[in-house]
Amino acid sequence: MCRCVLLCRGSVVLCAAFLIGCLGAVRASAFDGAGLVSYYGYDDCIELRNEKVRVVLCPGAGGRVLEYSLEGTNVLSLSPDGAGWTAGSGDKRPLLDAGRFDIGPEKVINRGQVLWSGEWRGEVTGDRAARMTSQFDPESGVRLIRDFYLHETDSQLRCTQTIVNESQKPVSVCHWGRTFAVGGGVVVVPRSSRGRFPNGYVMYEGANSIQLKPEDAKVVVSKDSVIVTGSPEHEKLGFGSHAGWLAYLAPTNQMLVKRFPTYPDRPYNEVAGLTVSVWYPEKDRVELEPIGPAEDLKPGQRAAFTEQWWLLPHALPENRGEVDYQDIRKIVSRRTTPAGQEPGTIISPEVHSDRKVTFRFSGGDSKSVNVRLNHKATPLKRDADGIWKITTKPLTPGIYEYVFEVDGVQVTDPRNRWTKKWFVCQSLFEVPTDASSEEQLLTEHLSVPHGVVHRHLYASGTTGGQRAAMVYTPPGYDADAPEPYPVMVLCHGFGDDETAWTDVGRANLILDNLITAGQISPLVVVMPNGHPLPPEERTWSEDYNSKNSEMLVDDIVDDLLPLVASEYHITDDPQRKAITGLSMGGGHSIMMAMTRPKEFAWVGAFSAAAPAGDFAKEHPEWISASSDGSEPRRLFWIACGIDDFLLERNRDFVRQLASNQISHTYVETEGNHSWGVWREYLPTLLQLLFR
């Protein structure tokens, strides 16, 4: 009896999430403060809510925020003419206002209608959290992904837009935060010491003229701020502020605050190098637009920009000139905080565009907090808000494991959902390649066709109980292909489970990228659970390792592979079957070669828990099969890092192989007993198989 659960193309995701848009709606959300609603003529909007705040997201036309309301009052401008409008409806496109985002720079980037007004895919991803994803836009060469998270108790809405270059050419783009609020209010933009404009702002006079020293009766300039009290003579203003926030005092008696990062040392590719723009297209609405720096993206690369919004009660004075910047600044400082410092929404780890990483921990009364990264403990410092934090030097692209040491006790990062779980728990993060990199990592989620990762629960005759395994099928898997697919069994290490190679090793992404590049042929990969004996028995069983290994070999051959063969189009030819694994799993693949020498022609072992005894005496059947040629083995590939604690054990095993004239390939590399080494070994071995 088999139960197969399809999780996701290319990666494993939580089954509690749901999709709308092109995949259709489901009845209810499994998350708090998130659900589907009909709104503004659309049946598939996503609602995020807490006790006082409501956010409505619309995948139907351009991935907009239709409502951002506090106690029932929406601060966003929403024209009744656009209700329910979709591209292709035949009707003239109305003003698409409300909470928009876009990409720039102006007059340079070509933006297709799929970004501006096309249908997006919506997905609830967590409590008060959602994602909207655009179609690929051939005009600009990018796809946009927008992630939203509403705070549990206050009005903070975090909005992250990710730009993904899915074209075959480099693109240079930037983030535009084009939010249309109800008109008639006052805009407050702080000046910063690094501002470049003499009057604190510039004014666009028509399509092709920018006034660098403008003067306007509706714009009040001081040494600290620029305050726009109403519609100026010319409708668009630009700012070079690096204060990282702006405020809008709306006629709804609300203050809309936006916080956003700025990068004084990076180029901004708008004509005037703006960090903020304010536009008054009509009197009933105003556009508030943070602008991101230039992102030069090679094919497959991506860049993200995060805005944080707050909506606070604040009366708009009848005399707009009475707005006091210092009062506004104090409110913003007291009621809002930059990303990573706000209570309840601490971001950790935060990977910056320069490959530096900031760790944060809300330690309460803790006396000391360290982060243990790359086997080295580094102390965090507590800031004025009580948050422990530290920023690293730039890190080499790749996947990293870490833990916090809080008063001497190791804990995973409570703000990070990506963990290496089971016996040894660690938090993980990824530093992607940057725009200057010639090649991207095989472990990155690139813009390529993706395979499917399945999870199976099956009854094992070997163990007499229920077992679990993961099965990867390649992109374009065809159950009716003329030739069955080759198969690899991929084993994990001690203390992990069947999810380790996908969750931590990124095996599915490595396979996707190698297959797409034509460096390996499509294959099916089976990832068993390596503990048919409960690992707790190790504490009282003197021979747990050998018993567990022997039982796993029997389970793979007698239970798991027959099940996989019944469900998938795989070969039974040993010449097209491989087995490998890391650490304990490397020992399992060696045990398979010893006790079932005719099952797999291709055997690998990474940093293996290799047999320590005289295997010629314990497994004479393997020696005879190797000497008389009845063993079909084509490759026996063994690799270990020179700093690995199992190095001498592997060297001893290799010496026995040589003395018994068993053909093998042995490789020593830099590195220790860690995933960073094994993620390199896997693609190396894959490219040697089935040749």
With a 4.5 Å heavy-atom cut-off, do [X] and [Y] have their side chains touching?
| X | Y | value |
| --- | --- | --- |
| L150 | V53 | yes |
| L144 | T133 | no |
| V220 | T229 | yes |
| V55 | V65 | yes |
| C45 | L66 | yes |
| L249 | I328 | yes |
| R320 | L316 | yes |
| V357 | V431 | yes |

Checklist entry - Could R285 and F180 be counted as a cation-pi pair, given that NZ or CZ must be under 6.0 Å from the ring centre and within 45° of the axis? => result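 Pair R285/F180 counts as cation-pi.
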Next on the checklist: Show, in sequence, the C-alpha distance, side-chain angles and deciding distance for Y42 and D44, and conclude whether the side-chain contact (heavy atoms from CB on, under 4.5 Å) test is met.
Outcome noted: CA-CA 6 Å; Y42 300 95; D44 58 356; 4.1 Å; yes
Checklist entry - Please walk me through it: do K236 and E106 pass salt bridge (charged side-chain N to carboxylate O under 4.0 Å, His left out)? => result CA-CA 13 Å; K236 182 176 179 179; E106 189 174 26; 2.8 Å; yes
Just by distance, do the side chain of [X] and the backbone of [Y] share a donor-acceptor pair under 3.5 Å?
| X | Y | result |
| --- | --- | --- |
| E430 | P432 | no |
| H151 | D154 | yes |
| R100 | R64 | no |
| R146 | A130 | no |

Interatomic distance, [X] atom [atom1] to [Y] atom [atom2] [nearest 0.5 angstrom]:
| X | Y | atom1 | atom2 | result |
| --- | --- | --- | --- | --- |
| T358 | K389 | OG1 | NZ | 7.5 Å |
| T275 | F260 | OG1 | CZ | 6.0 Å |
| I227 | Y201 | CD1 | OH | 12.5 Å |
| D147 | C159 | CG | SG | 10.0 Å |
| K330 | D324 | NZ | CG | 8.0 Å |

Checklist entry - Between L256 and Y68, is a side-chain contact (heavy atoms from CB on, under 4.5 Å) present by the stated rule, with each step listed? => result CA-CA 10 Å; L256 172 60; Y68 180 43; 3.6 Å; yes
Item to check | Among E287, E235, E289, the one residue meeting side-chain hydrogen bond (donor to acceptor under 3.5 Å, both in side chains) with W279 | outcome: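 Running side-chain hydrogen bond (donor to acceptor under 3.5 Å, both in side chains) over E287, E235, E289 with W279 returns exactly one hit, E235.
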Checklist entry - Salt bridge check: are R191 and D224 linked by an N-O gap of less than 4.0 Å? => result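 No salt bridge links R191 with D224.
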Checklist entry - Should E307 and R259 count as an ion pair when the cut-off is N to O under 4.0 Å? => result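 So E307 does not pair with R259 through a salt bridge.
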So, [X] and [Y]: side-chain donor and acceptor under 3.5 Å apart, yes or no?
| X | Y | result |
| --- | --- | --- |
| E67 | S69 | yes |
| D413 | S348 | yes |
| S427 | N416 | no |
| T179 | K258 | yes |
| T262 | H242 | yes |
| E119 | Q135 | no |

Next on the checklist: Check for me whether the distance between the ring centres of F429 and F359 falls short of 6.0 Å.
Outcome noted: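 They qualify: ring centres under 6.0 Å apart.
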Item to check | Listed once per pair and sorted, the side-chain hydrogen bond (donor to acceptor under 3.5 Å, both in side chains) pairs that draw on residues 243-256, sequence neighbours left out | outcome: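 Residue pairs passing side-chain hydrogen bond (donor to acceptor under 3.5 Å, both in side chains), neighbours aside: T252-Q254.
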Checklist entry - Where do W310 and I331 land on the side-chain contact (heavy atoms from CB on, under 4.5 Å) test, with the steps shown first? => result CA-CA 11 Å; W310 281 265; I331 293 171; over 6 Å; no
Checklist entry - Should the pair F404 and Y402 be assigned to parallel (<30°), tilted (30 to 60°) or perpendicular (>60°) ring geometry? => result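 Perpendicular.
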Checklist entry - How far apart are the C-alpha atoms of V371 and L380, what are their side-chain angles, what is the distance that settles it, and do they pass the side-chain contact (heavy atoms from CB on, under 4.5 Å) test? => result CA-CA 7 Å; V371 60; L380 281 67; 3.8 Å; yes
Item to check | Audit row: E350, K356, salt bridge (charged side-chain N to carboxylate O under 4.0 Å, His left out) steps and yes/no | outcome: CA-CA 8 Å; E350 182 180 7; K356 295 179 181 178; over 6 Å; no
